[in-house]
Every structure is written in structure tokens, then in C-alpha cells.
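In what follows, a single structure is set out as C-alpha cells and then discussed.
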2 protein chains.
Amino acid sequence: MNADASPKRPGGRSSHVRAAVHSAVVALVGERGADQVTLPAVAKRAGVNSSTLYRRWGTLAALLADVAKHRGDVGAPPLVGDLRTDLENQALWTLTELSRPGGIAFFRAEVAPDVDERHDGLRECLRRVSERFRPVLDAARERGDAPPSLEQVLDRIVAPLYFRVVFSIPGTDEAYVRDLVAELLGKLPLES
Amino acid sequence: MNADASPKRPGGRSSHVRAAVHSAVVALVGERGADQVTLPAVAKRAGVNSSTLYRRWGTLAALLADVAKHRGDVGAPPLVGDLRTDLENQALWTLTELSRPGGIAFFRAEVAPDVDERHDGLRECLRRVSERFRPVLDAARERGDAPPSLEQVLDRIVAPLYFRVVFSIPGTDEAYVRDLVAELLGKLPLES
DNA sequence: GTGCTAAAGCAGTGATCTCTGCTTTAGCGT
DNA sequence: ACGCTAAAGCAGAGATCACTGCTTTAGCAC
């Protein structure tokens with residue numbers, strides 16, 4: 001429920017348990033899909049008592065949301081200073097994250113939880129993807145370019161990626177990402 | 001599993017049970033979300049024994065897929081013969097269907113099931129939305145217009161709608177739909 | 001109407017999940 | 001080092017779920 005908003009004792013044990021639980025969740029979701037994952041299963045995998053999970057997270061949804069929230073953007077591509085390239089890189093990274101085992105499951109997890117939990121997870125998920133593109137647009141604007149709005153990026157790049165990954169539409173690859181960016185930036189394929 | 005591919009005895013009882021089960025599923029998914037729905041819960045709501053559900057559908061995923069498959073496109077807007085108007089109408093209809101209680105839950109349900117069941121539901125869902133737009137494009141092409149491809153419609157109209165409904169992004173309304181269509185058809189708002 | 005049998009109901013089993021009181025461990029302030 | 005207590009472990013109860021033999025109902029062919 002509260003997950004761990006205010007860990008009054010964030011010492012070794014708690015954080016160790018948390019780490020074990022988080023990696024167990026990632027492993028299980030990747031292996032079996034989010035549906036087959038239960039709190040006892042996670043507990044067993046993490047070598048932790050299930051009562052701990054019930055007390056700390058309360059529900060599977062909350063745990064998944066917590067995991068999704070805290071897995072950092074490690075490996076995110078750096079900005080190179082060119083709008084097109086940066087958009088392509090971030091979009092590609094988004095696609096990669098979404099496609100990797102469990103990626104869509106975590107997306108689902110954040111969409112899934114019951115109504116009260118739902119909005120938090122959704123906003124967090126949207127925030128994360130937004131924050132991935134905002135610096136790109138800001139940097140471009142500072143350079144004097146006239147980049148598309150964040151809304152446009154979401155509609156024209158992120159939304160199709162999510163849609164096509166969710167529906168397993170073939171051909172959702174790097175070339176497709178480049179096409180999306182090219183179309184958004186003005187229909188100039190400008191291929192190398 | 002097989003759902004009811006070949007009902008050898010499609011008489012009154014079976015179809016009655018099916019109808020009761022289907023409406024119970026719709027009701028429960030709409031009320032609680034697809035996660036909280038179980039076969040026994042559906043059985044209770046439908047006034048049917050749960051063993052029937054296990055035998056006829058086997059899993060919740062199969063049942064949800066069956067329900068999604070069989071709920072007709074009643075109320076779908078007719079084609080008027082104008083590309084822009086038809087695209088707007090179908091997109092608006094899609095948005096309406098998606099926004100109504102349980103709509104997104106069913107989308108989620110089809111995204112959710114475990115890997116083996118998953119593809120059927122997804123393909124069905126995608127097929128349904130595709131078939132909604134294909135006639136529009138075909139008709140336009142027959143009239144000599146040069147309509148966008150179905151892929152473009154999915155990327156530029158359907159995907160953003162799904163994305164924004166899933167993430168509860170405000171401002172996803174009729175005006176937004178018109179903007180999407182306008183942008184796709186050539187950036188001529190052409191507002192009345 | 002009668003018989004056949006597909007399909008629904010009944011009832012019970014084993015497994016799993018969810019949750020909770022109590023005990024034990026160990027982080028943190030002193 | 002010591003005490004306090006947050007947090008983890010243990011164990012078990014109750015509920016629910018997934019599933020299955022067996023019985024009963026009722027659709028369909030004759």
C-alpha cells in the first residue's frame with residue numbers, strides 16, 4: 001500500500017530484502033509473465049517470508065508498481081545535441097525497454113491495478129516516458145530549433161510504439177522508429 | 001479452451017448459459033476490472049455452476065477472449081462517403097467504445113493473458129479495430145481518392161487514442177479526434 | 001413420445017492465496 | 001555496549017480457486 005514511503009529503518013536488512021524482492025519480481029515477470037506471478041512466488045524466489053511482502057506492499061499490483069517505479073533508467077542513451085538523432089535514440093531506447101522480457105508486463109502492471117492504485121501507476125509511467133523526451137526537446141529549443149511539442153512526440157512516436165509492441169505487430173524495429181521520427185520532423189527521410 | 005467452436009447442441013440451454021455468462025463477464029469486468037474477475041465469480045453472477053465455465057472455457061483468458069470476440073459492433077456509425085468524416089466517425093466510435101466502462105478493461109484483458117492464449121486475443125482485437133477502418137479506406141480508394149494506408153491510420157489515429165485512454169490523458173475528446181484526422185489528412189483543419 | 005447423449009449441476013478434494021497473532025532478529029539512538 | 005522497537009520470520013486459520021468424478025437435466029434424432 002504505502003510501499004515504503006517513509007522507511008523508518010532503512011538499514012541493511014530492509015534494503016537487502018527490498019533488493020532481493022525487486023530482482024525476484026523482475027526475474028519472475030520475465031520468465032512467466034506478470035499473470036503467473038503471486039506474492040508467495042516472489043517471496044519464495046527472493047528467499048523472504050511472504051508475510052513481509054503482504055505487510056510491506058500489500059498487493060501484487062503495488063509491488064509491481066514499486067518495482068517499475070524504482071528501476072532506474074540505466075543504460076539510457078545520452079543526448080548528442082541533434083534533435084533527430086536524440087529523438088531516434090530515445091525512441092529506440094523506449095522500444096527496447098518495452099520489448100525486453102517483462103517490459104510490456106510492467107507496463108501492464110501499471111495499467112492494471114485497481115482503480116485507487118491505478119492513477120498513481122499510470123501517472124508515474126507516463127511521467128517516466130515523458131521525462132525521457134523532455135530534455136531532448138528542451139535542448140533543441142535552447143539551440144534555437146523549433147522542436148515538436150511533447151504531446152506530439154507522445155502521439156506520433158511513443159503511442160505507436162506502445163501500440164505496436166502491445167499488439168505484437170511485426171516490423172516494429174529500428175527502421176520503423178527512424179521512419180516515425182522522420183515523419184514527425186517533416187517527412188524528410190534523410191537516410192544515410 | 002476450444003470455447004465453443006463446434007457446439008454440437010446449440011439449443012436453448014447452452015445458449016442461455018452462454019448469454020448469462022457473457023453478460024456477467026461484461027458486468028464484472030466493468031465493475032471491478034479484469035484483474036478481480038475469476039471464473040467462480042462469473043459463475044456466481046451468471047447463476048451458473050462454475051464447473052460449466054471450467055469445462056466450456058477452461059480459463060478466464062479464454063472466456064474473456066470469447067466475450068470480446070462475440071460482442072458485436074452494434075451502434076457502429078455508417079459510412080457517409082466522405083473520407084474525413086468517415087475517419088472521424090470511426091475514430092470517435094473507437095474512442096467511445098474504449099472509454100465506456102470496461103472498454104479499456106477488455107483491451108487490457110486481451111493484453112494480459114499468458115503467452116499461449118495471448119496472441120489469439122490480441123490478433124482478434126487488432127483485427128476488429130482494423131476492420132472498422134478498412135472499409136473507409138477501401139471506399140475512398142474506389143472513389144478515386146488517395147487515402148492513407150491502414151498502417152498509417154493505426155499509427156496516427158488508433159494508437160494515440162489507445163495510448164491516451166490507457167493513460168487517462170485529459171483532453172482526449174471529439175475535438176482531439178478531429179485534430180488527429182486533420183493532421184493525418186494533410187494538416188488542413190478545415191473546421192466548419 | 002422415446003432414447004441417446006451432450007452439456008449443466010452437484011459436491012468434494014487438493015492446492016494456493018491472503019491475512020494475522022506471535023516470536024525473533026537486528027537497525028539505530030543513547 | 002545496551003535498550004528500544006521497526007521490521008522480518010514463523011505458523012496456522014480461513015477463504016478462494018482450479019479442477020474432477022458422478023448425477024441429473026434437457027436438446028435433438030428417430
Side-chain angles (χ1 to χ4, degrees), chain A residues 1-25 28-29 31-66 70 109 112-114 116-117, chain B residues 1-25 28-29 31-66 70 109 112-114 116-117:
Chain A
M1 311 300 187
N2 64 332
D4 35 28
S6 59
K8 297 183 179 178
R9 192 172 285 186
R13 185 144 83 151
S14 289
S15 59
H16 177 263
V17 165
R18 155 190 295 239
V21 168
H22 276 214
S23 64
V25 167
L28 286 181
V29 166
E31 289 172 16
R32 310 188 195 174
D35 310 26
Q36 305 302 319
V37 177
T38 60
L39 287 185
V42 172
K44 189 176 183 181
R45 176 69 158 253
V48 165
N49 196 276
S50 62
S51 64
T52 297
L53 300 191
Y54 284 104
R55 281 197 238 270
R56 270 186 78 163
W57 287 279
T59 66
L60 178 64
L63 174 56
L64 287 170
D66 187 47
H70 283 85
D114 45 344
D116 37 341
E117 306 267 355
Chain B
M1 305 305 191
N2 66 329
D4 35 24
S6 59
K8 297 183 181 180
R9 193 173 282 185
R13 186 143 84 151
S14 290
S15 60
H16 178 263
V17 166
R18 158 190 293 240
V21 168
H22 276 216
S23 65
V25 166
L28 286 180
V29 166
E31 286 172 17
R32 311 188 193 175
D35 310 28
Q36 306 301 321
V37 176
T38 61
L39 287 187
V42 172
K44 188 175 182 182
R45 178 67 160 255
V48 165
N49 197 276
S50 60
S51 64
T52 297
L53 301 190
Y54 284 105
R55 281 196 237 271
R56 272 186 76 163
W57 288 278
T59 67
L60 178 65
L63 174 56
L64 287 171
D66 186 48
H70 283 85
D114 46 343
D116 39 342
E117 305 271 356

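To find a chain, count down the sequence lines: A is the first, B the second, and so on, and within it residues start at 1. The structure presented is a predicted model; accordingly, all values stated were derived computationally and were not measured.
Residue B:Ser14 places at least one side-chain N or O closer than 4.0 Å to OP1 or OP2 of C:dA8. OP1 or OP2 of C:dC17 has at least one side-chain nitrogen or oxygen of A:Thr38 nearer than 4.0 Å. A sub-4.0 Å separation between OP1 or OP2 of C:dA8 and a side-chain N or O of B:Arg56 is present. For B:Tyr54 and D:dC19, the shortest distance from a side-chain N or O to OP1 or OP2 is not below 4.0 Å.
Rounded to whole Å, atom C1' of D:dT16 lies 12 Å from atom CG of B:Leu39. Rounded to a whole Å, the CZ atom of A:Arg55 is 14 Å from the P atom of D:dA6. The distance between atom CG of B:Leu53 and atom P of D:dA18, rounded to the nearest whole Å, is 11 Å. Counting to the nearest Å, the P atom of D:dA18 and the CG atom of B:Leu63 are 12 Å from each other. Look at CD on A:Gln36: it is 13 Å from P on C:dT16, rounded to the nearest Å. Remark: P of D:dC22 and CG of B:Asn49 are 17 Å apart, rounded to the nearest angstrom. One can place CG of A:Leu60 at 17 Å from P of C:dT16, the figure rounded to the nearest angstrom.
Across A:Val42 and A:Ala24, no two heavy atoms sit closer than the pair O-CB, 3.9 Å.
For D:dC10, the base has a donor-acceptor partner in the side chain of A:Ser51 [N/O atoms by modelled type, under 3.5 angstrom].
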Item checked: A:Val17 vs A:Arg56, side chain to side chain contact (heavy atoms under 4.5 Å, CB included): CA-CA, chis, key distance, verdict -> CA-CA 11 Å; A:Val17 165; A:Arg56 270 186 78 163; 4.2 Å; yes

